[in-house]
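All chains are named by letter (A, B, ...) in the order of the sequence lines, taking the proteins before the strands, and each is independently numbered beginning at 1. No hydrogens, no waters, no symmetry mates; every other heavy atom, side chains included, goes into these values.
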Amino acid sequence: MIDAALLDWYDRHARVLPWRTGPAARKRGERPDPYRVWLSEVMLQQTTVATVTPRYARFLELFPTVEALAAAPVEDVLAEWAGLGYYARARNLHKCAQVVAGEHGGVFPQTEEGLLALPGIGAYTAAAIAAIAFDEPAVVMDGNIERVMARLFAVETPLPDAKPVLRDHAASLTPDKRPGDYAQALMDLGATICTPRNPACALCPLREKCIAQKNAIQADLPRKKKKAAKPTRFGTAFHITRKGDGAVLLVRRPDKGLLGGMLAFPATEWGERADAEPPIKAAWLKADEPVRHTFTHFHLEMDVWMVTVSDAAARKAQKALQGEWHPDPAMAGLPTVFRKVLDVTNRDK
DNA sequence: AAAACGGGGGG
DNA sequence: CCCCCAGTTTT
């Protein structure tokens, strides 16, 4: 009966989100566009609805179909992804579009298994697309649903060990009817009622069925193993302006590793200390404050060195660094840490 | 099984 | 400051 109570709640309280088709369209038997469902799901991986909403609209305007996305240069896709993080998502998104457009005639596979075989689509995303776009009763498991299941069934085993048990519970509840709405209802519930802290149990449509709530332990679930502390790394970024036209030198980072494939300012490796060996001899000016930024597994403190050079020195620098000149780096699609570098140079000039 | 991989918002 | 977010891929 969980699914009935939940769907009833969803019909009354569903969030209006740009990648969702409204209840009216569903009544007419329309299915959502798989391309849009896929795009939204990839964008939403480890990324909040608030962050995704404006970016989803922009992306869709630029790349309205899977064919358009497949035909675009990957650099354009990465530039559009700038600031969203986890840039492998953008490279895989582009790769996936090319597979779908080139090998599947532009049509997404309709089964969980077929979707899972595509780049950038893992267990969660395959299940979500199958359920939402193709009405398949797939077991959708994300962070929200894990939390809801942990509370509903009072699972006290810490994550990630609890994952198989939580999945079994979720599978036992997944309905054959409206599986896409059911999955989205569970995620909405996790996002708005069954929140990580201070869950609003008084408003919860599943309150009567929640064992954790009955035992007053819901705020302590799900338990999690705690994670390692982040070390701090140091480095230096170089902001080189070409005197003639004011263009700024940027480099393309290698596909593998942190910020893979993204444009960046030339910089040292990030390590134990900021050992600045400038790429060219020039009258460098050091910014007053370093850029501070936190990545998934370390903090970064990066000094910023600036210089404006003659066109001859500019050619030398470009050759040494294998860079490209950009008239306006603010428009180039820089990841956040290098956008911060840009902010520092604007402030100190 | 564990680590790599971004960034922003909430408490 | 720590935690969390519609996770996936690589090691």
Original post:
Taking the same atom, C1', in dC3(C) and in dG6(B), what whole-Å distance lies between them?
Top reply: 15 Å
Original post:
With sequence neighbours left out, which residue pairs that include part of residues 15-35 of chain A fulfil the ring pair (Phe, Tyr, Trp, His ring centres under 6.0 Å) condition?
Top reply: Trp19(A)-Tyr56(A), Tyr35(A)-Trp38(A)
**OP:** List for me each residue that meets side chain to side chain contact (heavy atoms under 4.5 Å, CB included) alongside Ala126(A), sequence neighbours excluded, and say none if there are none.
**Re:** Glu112(A), Leu115(A), Leu116(A), Ile121(A)
Original post:
Could you state the NZ-C1' distance from Lys227(A) to dA2(B), rounded to the nearest angstrom?
Top reply: 13 Å
**OP:** Nearest-nucleotide wise, let me know which of Ala123(A) and His299(A) is further upstream toward the 5' end of DNA chain C.
**Re:** His299(A)
Check the interface with nucleotides 7-10 of chain B: list each N/O to N/O pair with the protein under 3.5 Å, or write none.
unit_1: dG7(B); atom_1: OP1; unit_2: Tyr87(A); atom_2: OH; d: 2.8
unit_1: dG7(B); atom_1: OP1; unit_2: Thr336(A); atom_2: N; d: 2.9
unit_1: dG7(B); atom_1: OP2; unit_2: His293(A); atom_2: NE2; d: 2.7

Original post:
When you match Glu41(A) and Ala229(A) each to their closest nucleotide on DNA chain C, which lands nearer the 5' end?
Top reply: Ala229(A)
Original post:
Touch check for Ser40(A), heavy atoms < 4.0 angstrom, all strands: base, sugar-phosphate only, or nothing?
Top reply: nothing
Subject >> Value in whole Å for how far the C1' atom of dG6(B) lies from CZ of Phe298(A) >> reply: 10 Å
Original post:
Base, sugar-phosphate, or nothing for Arg55(A), non-hydrogen atoms under 4.0 angstrom?
Top reply: nothing
Original post:
Taking side chain as C-beta onward, heavy atoms only, is Arg15(A) less than 4.5 Å from Thr192(A)?
Top reply: yes
Subject >> Salt-bridge criterion met for Arg339(A) and Asp343(A) (N-O under 4.0 Å) >> reply: no
**OP:** Using a heavy-atom cut-off of under 4.0 Å over every strand shown, decide if Trp81(A) touches base, sugar-phosphate, or nothing.
**Re:** nothing
Original post:
Of all residues at least two apart in sequence or in a different chain, which pass the ring pair (Phe, Tyr, Trp, His ring centres under 6.0 Å) check with Phe63(A)?
Top reply: Phe59(A)
**OP:** Mind checking Asn198(A) for me? I need base, sugar-phosphate or nothing, with any heavy atom below 4.0 Å counting as a touch.
**Re:** nothing
Original post:
Can you name the nearest heavy-atom pair linking Gln218(A) to Gln213(A), along with the distance?
Top reply: NE2-OE1, 3.4 Å
Original post:
What pattern of brackets, bars and dots sums up DNA chain B from 5' to 3', given Watson-Crick or G-U wobble pairs under 3.5 Å, [ ] for crossing pairs and | for another strand?
Top reply: |||||.|||||
Original post:
So, are Arg223(A) and Glu156(A) salt-bridged, with charged N and O less than 4.0 Å apart?
Top reply: yes
Original post:
With sugar-phosphate meaning primed atoms plus P, OP1 and OP2, does Leu300(A) contact a base, only sugar-phosphate, or nothing at under 4.0 Å between heavy atoms?
Top reply: nothing
**OP:** Please step through side-chain contact (heavy atoms from CB on, under 4.5 Å) for the pair Leu221(A) and Val155(A), ending with a clear verdict.
**Re:** CA-CA 8 Å; Leu221(A) 300 182; Val155(A) 175; over 6 Å; no
Original post:
Strictly under 6.0 Å, is that where the ring centroids of Trp81(A) and Tyr86(A) end up?
Top reply: no
Subject >> Start and end of chain A contact along DNA chain C [non-hydrogen atoms, under 4.0 Å] >> reply: dC4(C) to dT9(C)
Original post:
CZ of Arg89(A) versus P of dA4(B): gap in Å, rounded?
Top reply: 19 Å
**OP:** Under 4.0 Å between any heavy atoms, over every strand shown, what does Gly260(A) touch: base, sugar-phosphate, or nothing? Just pick one.
**Re:** nothing
Subject >> Ring centers of His297(A), Phe295(A) separated by less than 6.0 Å >> reply: no
Original post:
Using the P atom in both, what is the distance from dA4(B) to dA6(C), to the nearest Å?
Top reply: 24 Å
**OP:** May I ask you to say what Arg147(A) touches in the nucleic acid, namely base, sugar-phosphate or nothing, with a heavy-atom cut-off under 4.0 Å?
**Re:** sugar-phosphate
**OP:** Give a yes or no on whether Trp9(A) and Ile145(A) share a hydrophobic cluster (residues Ile, Leu, Val, Met, Phe, Trp, Tyr; joining criterion: side-chain heavy atoms under 4.5 Å apart).
**Re:** yes
Original post:
Under 4.5 Å between any side-chain heavy atoms of Leu249(A) and Glu324(A), yes or no?
Top reply: no
